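Chain naming here is simple, since letters A, B, ... match the order of the sequence lines and numbering starts at 1 in each. If you're wondering where the values come from, they're calculated on a predicted model, not measured in any experiment.
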There are 2 protein chains.
Amino acid sequence: MIKPRSRRGGGRPTISDVARRAGVGAITVSRALREPERVSEELRRQIQAAVNELGYVPDPNARALASARAEVFGVLVPSLTNNVFAEVVRGIYDSLSASPFRIQLGNTHYSGLEEERLLQLFGSQRPAALIVAGIDQTPPSRKLLESAGCPVVQVMETGPDPVDMMVGFSHLDGGRMATEHLIEAGYRRIGFIGARMDPRSQRRLAGYRAAMEDAGLFDPRLVTTTPVLSSVSLGREMLRDALAKVPTLDGVFCNNDDIALGVLFECHRASIAVPKTIGIVGFNDLDMMQVAFPSITSIRTHRYEIGRRAVAMALAAIAGNRPEQRIVDLGFELKRRESTAR
Amino acid sequence: MIKPRSRRGGGRPTISDVARRAGVGAITVSRALREPERVSEELRRQIQAAVNELGYVPDPNARALASARAEVFGVLVPSLTNNVFAEVVRGIYDSLSASPFRIQLGNTHYSGLEEERLLQLFGSQRPAALIVAGIDQTPPSRKLLESAGCPVVQVMETGPDPVDMMVGFSHLDGGRMATEHLIEAGYRRIGFIGARMDPRSQRRLAGYRAAMEDAGLFDPRLVTTTPVLSSVSLGREMLRDALAKVPTLDGVFCNNDDIALGVLFECHRASIAVPKTIGIVGFNDLDMMQVAFPSITSIRTHRYEIGRRAVAMALAAIAGNRPEQRIVDLGFELKRRESTAR
DNA sequence: TCTCGGGATGGTAGCGCTACCAATTTTGTG
DNA sequence: CACAAAATTGGTAGCGCTACCATCCCGAGA
């Protein structure tokens, strides 16, 4: 019986086509492409020529199937549009673009259950590494991560008990520093305004609370939170709520910069002088913070660098030399600006 | 010779394990999973039980290899952090999350060459569909898209000559409407401020120019552009430049909302009254535009919906019923706000 | 001269799944 | 009730690639 040239695939050149053209065995082509130093100079050139002539591109699916390892990094973030995670993803993407690894993106929508589902799904692909945002995985998720059989990097936060590796910073310390800055600047009735109270925001709040208690200024009525997704317009509304509760409010530490911007706009609208009557501090230090009028004090975090670092650590682990420092704290910086310059 | 149970794969259950457990053939399991209606009620239940007990998850790589079609949507955008494209990606992601399709994300960094490289790479995976931002592909890119052998959707813009399908709107019309609005509001020396002059921005500029010429108001000195990546801080600087060139400037149509926000802040800083002395119009209508003080007039675009629509069209095409309307114009809306209420 | 080690190359046998077709059972029809 | 048609199930043969092992060739050392 005559075997058809190719039953299904669209006639795209395969590794055997290249091998035939170059007059070598298929396996040698495979080697020339993956471990060039193990193939003689001459064959390597011949093979490269055949590859170019045919326009051969290896099929990543066949490769993954044969080697039981996909050249894929699984990346889990809670939001695609939140600029903070977009920056992390950009860092990961840029660091990976020169490598053969692709990115498999998952959006958990801040849901533990969705995270479990995605982890389950990603596991079936035998990824080369997993990068997940946060350190508060549910027990099933944690188990999945531990049995993933690949390097795992938890990003955005640091904590005492990594699944494998970690890159981030302390949100509690960030919240504390922001609050202490307000206190030092002379503010006393300092509110906390936070939307989308995910675990990281909770820790910023804990930092706020610690600082306030240390200064003997804490009052639960100063805290205004909501589970609603954060946005600039929400910041505006929340300042109104906070002022309704505590008319003597003279400062706010915002959960993030979007909220801070909304707060600033509401101050303008209500003719509340910033920083004179109310001081404002944000979190993350988006570009617009330094441009706002008045410019807004914020905690600068290193999102892009976190993404890059996570990839670097994962790649090192894949290459066999696992970094000895498993927890990397990239810290943060307080950017003092006009909004707290009383 | 004894065949080892599994030479490589980490002992994860395969389709044959499920088949054995359910007492059926492997192919029936495959069918039960992909086309349940073609398997009897009873077997379906048995198989589902076996799947659950074993925790079986199909290997997408093997699946892709066998069926010569990966369950992957290739998505090409020029930026991951630009909120506009993040929204498109979110729409795509959400529409795809209930389907078996995954997303393969590519960041072209606004580079035609990078786009070609990524298209070449994506092609090797035989994606189920391709979604690409923009309509200005280079000739090689266009050829790659045409020969991709899968549905292709160009998004964010509409134009006369789709590779396959299109979802977007007319940036030229958007630019024209924004400018006409300023003219109607009584502004005369209306500037155009644009960063990152990609093809879409170019067309917005063309719309601006058309409107200005129609009104007999066009003056090349009113146009200020830069290839630099757009940001709020850049908006601030560019307004300064524009005012230095044309001190009588009394309105600006900004390339996008980031620029518009920067312009607004600079006006505050320089004590220029908005909308009295200068009117401002942005583009895209990000959430913050309606909260800003004064709130900023902008062209509302439907990014999330574009993503959803693109997926819907691609899925329909995959299912065999290609939508008869190949070009979908989702339009835009002018949101009139305080920044132009003279 | 002969053996041995090591580098270069190739053959074989799958990886886990599905396309294709064959076999079997069930249902419908006159 | 016989026979065709439809529905259901299974076997076989790869998809394109790489792990594993065998083979070959060369120069070094005995």
key: Stepwise side chain to side chain contact (heavy atoms under 4.5 Å, CB included) check, A/Glu157 with A/Asp136   = CA-CA 10 Å; A/Glu157 283 192 81; A/Asp136 302 276; 3.7 Å; yes

Among [options], which nucleotide has an atom closest to any side-chain atom of [X]?
{"X": "B/Arg126", "options": "D/dG16, C/dG11, C/dT18", "result": "D/dG16"}
{"X": "B/Ser67", "options": "D/dG10, D/dC17, C/dT18", "result": "C/dT18"}
{"X": "A/Ile27", "options": "C/dT18, D/dC20, D/dG10", "result": "D/dC20"}
{"X": "A/Asp59", "options": "C/dG10, C/dC15, D/dC17", "result": "D/dC17"}
{"X": "A/Leu43", "options": "C/dT9, D/dT9, C/dC17", "result": "C/dT9"}
{"X": "B/Ala66", "options": "C/dT9, D/dA19, D/dC15", "result": "D/dC15"}

Would you indicate, yes or no, if [N] has its OP1 or OP2 atom less than 4.0 angstrom from a side-chain nitrogen or oxygen of [X]?
{"X": "B/Arg44", "N": "D/dT9", "answer": "no"}
{"X": "A/Ser30", "N": "D/dT18", "answer": "yes"}
{"X": "B/Thr28", "N": "D/dG10", "answer": "yes"}

task = Report the residue (B/Ser40 or B/Ala62) whose heavy-atom-nearest nucleotide on DNA chain D is the more 5′ of the two.
result = B/Ser40

Between [atom2] of [N] and [atom1] of [X], the distance in whole Å:
{"X": "B/Arg38", "N": "D/dT9", "atom1": "CZ", "atom2": "P", "value": "10 Å"}
{"X": "B/Arg20", "N": "D/dT9", "atom1": "CZ", "atom2": "P", "value": "20 Å"}
{"X": "B/Arg12", "N": "C/dG16", "atom1": "CZ", "atom2": "C1'", "value": "12 Å"}
{"X": "B/Arg63", "N": "D/dC15", "atom1": "CZ", "atom2": "C1'", "value": "15 Å"}
{"X": "A/Glu37", "N": "C/dG7", "atom1": "CD", "atom2": "C1'", "value": "13 Å"}
{"X": "B/Leu65", "N": "C/dA19", "atom1": "CG", "atom2": "P", "value": "12 Å"}
{"X": "B/Asn61", "N": "C/dC17", "atom1": "CG", "atom2": "C1'", "value": "11 Å"}
{"X": "B/Glu41", "N": "C/dT26", "atom1": "CD", "atom2": "C1'", "value": "17 Å"}

key: Rounded distance [0.5 Å steps], CD in B/Gln325 versus CE in B/Met313   =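 Rounded to the nearest 0.5 Å, the CD-CE separation comes to 7.0 Å.
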
task = Just grab all the side-chain hydrogen bond (donor to acceptor under 3.5 Å, both in side chains) pairs involving residues 146-155 of chain B, residues at least two apart or on different chains.
result =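 side-chain hydrogen bond (donor to acceptor under 3.5 Å, both in side chains) check on residues 146-155 of chain B returns B/Gln137-B/Gln154, B/Arg142-B/Glu146.
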
message = B/Arg309 and side-chain contact (heavy atoms from CB on, under 4.5 Å): which single residue from B/Ile92, B/Val167, B/Val155 fits?
response =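 In the set B/Ile92, B/Val167, B/Val155, the residue that makes a side-chain contact (heavy atoms from CB on, under 4.5 Å) with B/Arg309 is B/Val167.
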
query = Do you know which of B/Asn83, B/Thr81, B/Val77 makes side-chain contact (heavy atoms from CB on, under 4.5 Å) with B/Ser79?
reply = B/Thr81

query = Hey, does B/Arg31 reach any base, or is it just sugar-phosphate, or nothing, if we go heavy atoms under 4.0 Å?
reply = base

Verdict with reasoning, A/Glu116 to A/Gln120, per side chain to side chain contact (heavy atoms under 4.5 Å, CB included) = CA-CA 6 Å; A/Glu116 284 172 27; A/Gln120 175 84 24; over 6 Å; no

ask   = Mind checking what makes ring-ring contact (aromatic ring centres under 6.0 Å, His included) contact with B/Phe101, not counting sequence neighbours?
value =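 If we apply the ring-ring contact (aromatic ring centres under 6.0 Å, His included) test to B/Phe101, skipping adjacent residues, the hits are B/Phe73.
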
query = Of the non-hydrogen atoms in A/Ile131 and A/Ala310, which two are nearest, and what is the gap between them?
reply =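 Heavy atoms only, the tightest pair is CD1-CB, 4.0 Å.
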
query = Between the two end axes of the helix from C/dT1-D/dA30 to C/dG30-D/dC1, each built from 5 base pairs, what angle do you get to the nearest 10°?
reply =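 Both end axes considered, the difference amounts to 40°.
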
